Amino acid sequence: MHMRCQPHPHKGWFPSPPPLPPPASQVNLLNFMITPDGLSDQLLGVTVAQERPDLEAQRQELVVESAANKRRLKEIEDKILHVLSSSQGNILEDVTAVQILSEAKTVSNEIQDKDAIAEATQKEIDNARTGYAPCGRYNAVLFFCIRDMASVDTMYQYSLAWFINLFVRSIQGSEKADDLAQRLGNINDHFTYALYQNICRSLFEKDKLLFAFLLCTRVMAASGSLRPAEQQFLLTGGVGVPEADVPRPAGHEWLSAKAWGEMCRAANASAALAALPGHVAQRPDEWRRIYDSVSPEVEALPGGFHASLTPFERLMVLRCLRPDKVVPAIQAFVAASFGQRFTEPPPFDLGGSYKESSCASPLLFVLSTGSDPTAALLAFAESMGYGSKIAAISMGQGQGPKAAALIAAARKAGSWVLLQNCHLAPSWMPALEKICESIKPDNTDADFRLWMTSMPSPAFPVSILQGGCRKDGTPL
């Protein structure tokens with residue numbers, strides 16, 4: 001063991017004090033992100049509250065009653081302890097003490113009887129709620145789909161409160177049915193498409209198919225119809241997966257070493273593809289037809305593979321032979337799995353975004369290179385009668401105070417404000433966040449609207465992204 005020493009000007013050398021533990025060992029980290037199980041339970045409660053308000057009200061009453069009973073029991077225990085500690089002599093001769101103990105026993109028995117009834121009632125409620133559990137599990141998967149979109153772009157941020165509000169609207173707007181399974185299916189279908197439409201309005205064009213594909217694969221994985229290894233293969237080509245020991249067919253240069261390696265790894269990534277390398281090695285000319293096709297994504301695979309494989313497994317095969325056609329194949333896969341409407345994003349619609357907004361929810365256009373929705377917004381303002389009541393300011397150095405003054409005046413007058421190119425004022429974004437947090441329906445005119453445009457920027461406040469209405473800022 002080595003001990004460090006340091007000189008002292010008068011006392012010579014002495015040991016250095018032991019180093020302090022690193023800060024990480026002194027800090028407790030708490031992650032408050034909701035878990036899938038927790039969100040499933042929360043959405044179950046929302047569903048039951050909307051579909052069976054009688055059950056939810058009864059459950060809430062039981063919770064309140066149970067808390068009241070526990071409080072009464074605690075009071076009884078405290079009273080008994082006080083009697084026992086203050087009693088002098090033989091407690092059986094203390095009339096007051098005996099009366100208190102007798103009353104405590106009576107109340108305790110009453111509470112036990114109530115608890116037994118409450119427990120039986122709770123079981124009945126739980127049994128009734130269990131039928132709605134699949135709805136909570138299914139839609140919890142959808143929330144984590146949109147949460148993961150933040151990994152694609154920092155501007156893709158969505159709050160749980162917004163998600164639940166949209167979910168409630170889908171419960172209320174979906175088709176009714178007497179059969180519970182059919183009713184839950186209607187809710188799930190309505191909400192999935194409503195979520196797709198609302199999220200797509202805020203995505204860049206290049207990411208809309210990605211989101212639809214993410215919805216499909218997450219729902220399939222949650223239902224057990226898609227294995228993680230298969231999904232990982234489609235994304236990575238089977239990196240880290242051992243290759244099947246099948247020699248590459250000689251004399252077929254069209255089948256590259258890279259394609260053959262992926263095909264041999266696919267055999268170990270999916271049991272359904274275990275025979276694929278052997279079949280290709282034996283009948284390469286049949287598979288050459290897929291390779292040479294103009295539209296290989298619609299061609300039937302040779303050797304009965306087309307009928308025996310799932311649509312996702314056929315995507316894996318296409319990735320090996322024709323990776324350039326995976327995108328149109330994914331589009332066809334989404335259409336076959338979820339319906340054609342999930343491959344047709346909603347068009348640029350200012351009216352729809354305006355209807356979903358309020359004076360307290362800003363409207364943000366996320367810009368891409370060369371896009372500018374200003375002309376479309378000004379035309380929309382004219383059509384809504386706000387042509388002369390919209391103030392626009394281009395953000396930049398020194399423009400923050402001017403923008404704050406415009407917002408304050410518009411909140412009182414019920415007019416509109418457009419903040420252009422917010423990404424050019426990153427230092428003012430914290431001030432903008434505070435302004436938006438202070439805007440409430442009770443202190444702002446209901447006609448007020450705050451519009452913004454911004455390129456993707458890590459400085460843009462997450463709270464505005466999550467609480468506002470966003471759109472891809474590319475007008476059609």
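All values derive from a computational prediction rather than experimental measurement.
- Every salt bridge (charged side-chain N to carboxylate O under 4.0 Å, His left out) that Glu262 has, sequence neighbours left out, goes to Lys258, Arg319.
- Within 6.0 Å of atom CG in Asp442, more than 12 heavy atoms from other residues, nucleotides or ligands are found, so the atom counts as buried in its surroundings.
- Side-chain contact annotation: Gln58 with Asp54, donor-acceptor N/O pair under 3.5 Å absent.
- Partners of Thr444 according to the side chain to side chain donor-acceptor pair (under 3.5 Å) rule, which considers only residues two or more places apart in sequence or in another chain, are Arg411.
- Under the side chain to side chain donor-acceptor pair (under 3.5 Å) criterion, Arg137 pairs with no residue at all, not counting sequence neighbours.
- Taking Gln232 as the reference, nothing meets the side chain to side chain donor-acceptor pair (under 3.5 Å) condition, with sequence neighbours excluded.
- Using cut-offs of 30° and 60° on the angle between ring planes, the pair Trp451 and Phe365 is parallel.
- Partner Phe213 forms a side chain to side chain contact (heavy atoms under 4.5 Å, CB included) with one of Thr343, Val327, Leu234 and no other, that one being Leu234.
- Contact check on Lys325 versus Glu297 returns no salt bridge, with no Lys/Arg side-chain nitrogen under 4.0 Å from an Asp/Glu carboxylate oxygen.
- Atom NZ of Lys176 has more than 12 neighbouring heavy atoms from other residues, nucleotides or ligands inside a 6.0 Å radius.
- For Asp179, there are no salt bridge (charged side-chain N to carboxylate O under 4.0 Å, His left out) partners at least two apart in sequence or on another chain.
- For Phe191, the ring pair (Phe, Tyr, Trp, His ring centres under 6.0 Å) partners at least two apart in sequence or on another chain are Phe163, Phe167.
- Annotation for Ala194 and Ser170: closest pair CB-OG, 3.8 Å, computed over non-hydrogen atoms.
- Considering every non-hydrogen atom in both Ser454 and Phe460, the closest pair reads OG-CD1, 3.8 Å.
- Applying the salt bridge (charged side-chain N to carboxylate O under 4.0 Å, His left out) criterion to Glu356, with sequence neighbours excluded, gives Arg201.
- Residue pairs meeting the salt bridge (charged side-chain N to carboxylate O under 4.0 Å, His left out) criterion with at least one partner in residues 146-166, sequence neighbours excluded, are Asp148-Arg218.
- Between Phe333 and Phe312, the ring-plane angle classifies as perpendicular under the 30° and 60° cut-offs.
- Other residues, nucleotides and ligands place more than 12 heavy atoms under 6.0 Å from the CD atom of Gln172.
- A donor-acceptor pair under 3.5 Å links the side-chain atoms of Arg314 to the main chain of Leu309, judged by distance alone.
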Extract all donor-acceptor atom pairs below 3.5 Å that involve side chains of residues 423-430 and protein atoms in other chains or at least two apart in sequence.
| from | atom 1 | to | atom 2 | distance (Å) |
| --- | --- | --- | --- | --- |
| His423 | ND1 | Met455 | N | 3.0 |

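- Ser202 contributes a side-chain N or O that, together with a main-chain N or O of Ile199, makes up a donor-acceptor pair within less than 3.5 Å.
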Only pairs under 3.5 Å count here: list side-chain donor-acceptor contacts from residues 388-396, not counting sequence neighbours, and write none if there are none.
none

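- The neighbour count for Gln60 CD, taken as heavy atoms of other residues, nucleotides or ligands under 6.0 Å away, is above 12.
- Judged as a side chain to side chain contact (heavy atoms under 4.5 Å, CB included), and not counting sequence neighbours, the contacts of Glu433 are Glu437, Pro461, Ser463.
- A side-chain donor from one of Ser293 and Glu299 sits under 3.5 Å from a side-chain acceptor of the other.
- Between Tyr158 and Trp162, the ring-plane angle classifies as tilted under the 30° and 60° cut-offs.
- Formation of a donor-acceptor pair under 3.5 Å by the Ser295 side chain with backbone atoms of Val298 is not found in this model.
- Contact of the Leu367 side chain with the Pro373 side chain is registered, since non-hydrogen atoms from C-beta on lie closer than 4.5 Å.
- Legend: residues meeting side chain to side chain donor-acceptor pair (under 3.5 Å) with Ser225, ordered by chain and number and at least two apart, are Ser223.
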